[in-house]
Asks: 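Would you mind keeping the following structure in view while I ask a few things?
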Amino acid sequence: MRILTLGCAVALCVFISGGAFAFDAAAPDDATAAPNSMKPHMTPGSEDAGARSAKSIECSQKADAENLHGKPRRHFMHECKHGA
């Protein structure tokens with residue numbers, strides 16, 4: 001019984017380590033990445049995550065002044081930025 005348990009443990013270790021090596025081999029190299037590749041959360045028309053428009057900052061300050069949080073703040077920000 002102990003030999004069977006040992007054999008299963010070894011087989012499991014080999015199986016897990018084989019998957020880890022396959023994952024490393026499939027990872028793309030930085031040199032082969034497209035020069036203008038986008039981050040996964042970015043869309044073609046979106047701004048850089050660190051750059052915010054003056055309108056966005058102004059609307060955020062107004063929402064802070066009104067002490068808005070959560071859904072009311074999101075609604076206010078949308079109305080403020082898009083003027084809808």
Asks: Taking the side chain as C-beta and beyond, is there a heavy-atom pair between Arg2 and Leu4 under 4.5 Å?
Replies: no
Asks: Can you find a pair of side-chain heavy atoms, one from Glu58 and one from Ser53, that are under 4.5 Å apart?
Replies: no
Asks: Check whether any side-chain heavy atom of His75 sits under 4.5 Å from a side-chain heavy atom of Glu79, and report yes or no.
Replies: yes
Asks: Testing the basics here: between Met77 and Ala63, what is the closest heavy-atom pair and its distance to 0.1 Å?
Replies: SD-CB, 4.2 Å
Asks: Within the structure provided, determine whether Lys62 and Ile57 are in side-chain contact (heavy-atom separation under 4.5 Å).
Replies: no
Asks: Could you tell me the separation between the CZ atom of Arg74 and the NE2 atom of His69, rounded to the nearest 0.5 Å?
Replies: 13.0 Å
Asks: Any heavy-atom pair between the side chains of Glu66 and Pro72 that's under 4.5 Å?
Replies: no
Asks: With rounding to the nearest 0.5 angstrom, report the SG to CZ distance, Cys59 to Arg73.
Replies: 10.0 Å
Asks: Counting heavy atoms not belonging to Ile3, are there more than 12 under 6.0 Å from its CD1?
Replies: no
